[in-house]
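Notes follow once the structure below has been shown.
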There are 2 protein chains.
Amino acid sequence: MATEGHAGEPPSRGKRADAQRNRQTVLAAAAEVFVASGVDAPIRQIAARAGVGMATIYRHFPTRADLVTAVYHHQIEECAEAGPTLLATADSPFDALRQWIDLFVDFLVTKHGLADALQSDSDRFAALHTYFLDRLLPVCAHLLDAAVDAGDIRPGTQPYELMRGIGNLCVGRDNDPRYEPRRLIALLLQGLQHPHAP
Amino acid sequence: MATEGHAGEPPSRGKRADAQRNRQTVLAAAAEVFVASGVDAPIRQIAARAGVGMATIYRHFPTRADLVTAVYHHQIEECAEAGPTLLATADSPFDALRQWIDLFVDFLVTKHGLADALQSDSDRFAALHTYFLDRLLPVCAHLLDAAVDAGDIRPGTQPYELMRGIGNLCVGRDNDPRYEPRRLIALLLQGLQHPHAP
DNA sequence: CACTAAGTGGAGCGTTGTTCCGTTTCAGGT
DNA sequence: ACCTGAAACGGAACAACGCTCCACTTAGTG
């Protein structure tokens with residue numbers, strides 16, 4: 001499927017060959033550095049790893065959000081596409097929603113500081129926030145609607161609020177055994193379900 | 001009540017008079033700047049506002065967390081003391097827990113970026129995190145236990161996890177009409193309650 | 001009043017984000 | 001093959017910030 005021309009992502013066709021090559025080199029280096037040092041890693045470090053100048057990175061990815069977006073583009077896409085699939089295969093719409101949220105959480109917690117970046121109150125990552133929302137919010141809304149229609153959960157919950165809440169719950173120090181976001185998210189979903197008695 | 005000698009907070013008695021005066025001046029300036037620019041405001045800015053050198057601030061408050069702690073000391077204390085009070089006055093232990101959490105959320109959302117700082121994965125604010133936990137975790141645990149004992153909520157929830165979850169839900173851009181942490185927290189509490197039917 | 005130790009201020013260093021500009025390299029036309 | 005304009009490049013340069021160091025000032029005591 002064609003995934004060119006998303007927000008903040010200039011198409012790579014039509015550029016000079018060396019530029020396209022460098023773009024890939026930077027992307028690969030950034031991916032490595034992000035794993036090692038988180039998405040806040042110094043640009044210099046990424047430039048050094050890629051063997052390019054800093055200006056090259058800024059030229060290809062004007063903001064840090066653009067770089068992060070490009071690095072995780074495939075995985076975001078996968079997550080978005082999993083929504084409809086799960087709705088078709090899961091036991092119930094509610095179950096589909098739960099499984100999808102699980103995927104989303106997996107994605108967030110395995111990326112160093114990604115959740116933090118997404119919800120940061122500095123606007124350095126505003127574009128990243130926007131991209132996530134553009135791509136995943138409709139999917140979440142669809143799952144939520146289906147679950148409401150099936151009578152699995154109470155109506156009235158806003159998809160945006162739910163997604164941000166889940167993202168927020170994933171924020172913070174990684175690998176703290178005392179804090180497992182999934183447990184709280186399960187609690188949240190429990191609260192979303194209809195009370196089973198009058 | 002005597003609240004001297006907390007973690008990272010040197011007692012102000014026994015110091016020279018001008019030092020004590022400066023300490024207060026810095027605290028007042030920091031409080032103003034925090035409101036205007038958040039708890040991440042540059043030290044230089046606070047120093048300028050207070051009319052002192054940067055070293056003076058660092059001497060009184062070695063880390064930024066110490067400064068933040070000192071600025072909000074009274075309010076944290078109030079929040080801690082509200083726990084037992086609410087337990088005595090509320091309709092039920094569960095209601096006390098709900099009201100206490102409401103107080104806590106109030107505190108967090110009215111301070112620019114405080115929730116962010118608390119849960120940040122950088123360890124610049126580790127001491128702040130620790131202080132909050134030392135002071136508020138026992139209060140939360142007490143309320144939680146009381147609610148469990150009264151049969152209001154299911155057992156098994158860890159106080160640490162709950163507090164961090166609530167803190168996390170308060171992270172992010174302030175005053176976004178699309179995101180109201182309280183709604184999600186209410187949902188979470190709902191999930192915490194016993195299912196009302198088999 | 002003099003003396004000492006506590007206290008102070010700001011210059012200075014290291015780190016990071018971001019821009020600017022002289023130089024190099026590609027690609028299409030001759 | 002060569003020429004040439006434009007695209008792309010690298011890193012120096014500037015700004016903002018955290019934090020430290022040290023020469024100077026001042027409070028309090030005998």
Side-chain angles (χ1 to χ4, degrees), chain A residues 8 10-30 33-34 36-68 70 112-113 116-117 120-128, chain B residues 8 10-30 33-34 36-68 113 116-117 120-128:
Chain A
S12 37
R13 300 293 175 87
K15 300 289 175 185
R16 258 168 52 171
D18 58 341
Q20 290 184 46
R21 224 179 314 120
N22 267 334
R23 188 176 199 278
Q24 289 311 119
T25 307
V26 168
L27 237 38
V33 173
F34 284 172
S37 316
V39 294
D40 271 314
I43 298 289
R44 274 177 175 77
Q45 194 177 332
I46 300 171
R49 171 74 84 131
V52 303
M54 286 177 299
T56 299
I57 296 185
Y58 277 105
R59 215 170 296 113
H60 284 292
F61 310 100
T63 74
R64 182 180 292 269
D66 293 324
L67 180 54
V68 175
H112 231 101
D116 300 60
S120 163
D121 64 348
S122 104
D123 48 39
R124 204 175 13 149
F125 287 106
L128 182 60
Chain B
S12 38
R13 299 294 176 88
K15 301 289 174 185
R16 255 168 54 172
D18 57 341
Q20 290 185 47
R21 226 179 312 120
N22 267 334
R23 186 176 201 277
Q24 289 310 118
T25 308
V26 168
L27 273 174
V33 173
F34 284 171
S37 315
V39 294
D40 270 315
I43 297 290
R44 275 176 174 79
Q45 193 178 333
I46 300 171
R49 170 74 84 132
V52 303
M54 285 180 300
T56 299
I57 296 186
Y58 278 106
R59 211 170 301 111
H60 285 292
F61 309 100
T63 75
R64 183 179 291 268
D66 293 324
L67 180 55
V68 176
D116 299 60
S120 162
D121 64 349
S122 103
D123 48 40
R124 204 175 14 149
F125 285 106
L128 183 61

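Letters go in sequence order (proteins before strands), and every chain restarts at 1. Only a predicted model underlies this, so the values are computations on that prediction, with no experimental measurement involved.
- No N or O donor and acceptor, one from the side chain of A:Arg16 and one from the base of D:dA8, sit under 3.5 Å apart.
- The CG atom of B:Asp66 sits 15 Å away from the C1' atom of D:dG18 (whole-angstrom rounding).
- With D:dG10, D:dT20, C:dT8 as the choices, the nucleotide that has an atom nearest any side-chain atom of A:Arg59 turns out to be D:dG10.
- The distance between atom CD of B:Gln45 and atom C1' of D:dG18, rounded to the nearest whole Å, is 14 Å.
- Nearest to the side-chain atoms of A:Arg64 among the listed nucleotides C:dG17, D:dA12, C:dG9 stands C:dG17.
- Nearest heavy atoms, B:Asp40 versus B:Arg64: C-NH1, 3.5 Å.
- Distance, B:Leu67 CG to D:dG18 P: 12 Å, rounded to whole Å.
- Side-chain atoms of A:Tyr58 lie closest to C:dT18 of the nucleotides D:dC9, C:dG7, C:dT18.
- Side chain of A:Ile43, nearest nucleotide from C:dT8, D:dT20, C:dG17: C:dG17.
- Per the geometry, CG belonging to B:Asp18 stands 6 Å off P belonging to D:dA27, to the nearest Å.
- In this structure, A:Arg124 places its CZ atom 13 Å from C1' of D:dC17, rounding to the nearest Å.
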Notebook entry, point to check: Going through the distances and angles, do B:Leu128 and B:Asp66 end up as a side chain to side chain contact (heavy atoms under 4.5 Å, CB included)?
Noted result: CA-CA 7 Å; B:Leu128 183 61; B:Asp66 293 324; over 6 Å; no
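- Among the nucleotides D:dT20, D:dG10, C:dT16, the one closest to any side-chain atom of A:Arg44 is C:dT16.
- Distance from the side chain of A:Ala19 is smallest for D:dA8 among the nucleotides D:dG10, D:dA8, D:dA27.
- Backbone-only engagement by A:Ala17 is indicated by non-hydrogen atom pairs under 4.0 Å involving sugar-phosphate atoms exclusively.
- For the pair A:Gln20 CD and D:dA7 P, the computed distance is 15 Å after rounding to whole Å.
- Nearest-nucleotide mapping onto DNA chain D: of B:Ala41 and B:Arg21, the residue sitting toward the 5' end is B:Ala41.
- The phosphate of D:dA8 (OP1 or OP2) has no side-chain N or O of A:Thr56 nearer than 4.0 angstrom.
- OP1 or OP2 of C:dT8 lies within a sub-4.0 Å distance of a side-chain N or O belonging to B:His60.
- Under a 3.5 Å cut-off, the side chain of B:Arg124 and the backbone N or O of B:Thr63 do not form any donor-acceptor pair.
- If you take CE of B:Met54 and P of D:dG18, they are 9 Å apart, rounded to a whole angstrom.
- Rounded to an integer number of Å, the gap from A:Arg49 CZ to D:dG10 C1' is 20 Å.
- Each of B:Val26, B:Val33, B:Thr25 was scored for a side-chain contact (heavy atoms from CB on, under 4.5 Å) with B:Arg49, with one residue passing: B:Val33.
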Check: Stepwise, does the side chain to side chain contact (heavy atoms under 4.5 Å, CB included) test hold for A:Asn22 with A:Arg16?
Finding: CA-CA 10 Å; A:Asn22 267 334; A:Arg16 258 168 52 171; over 6 Å; no
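- The shortest distance between the side-chain N/O atoms of A:Asn22 and the OP1/OP2 oxygens of D:dC9 is below 4.0 Å.
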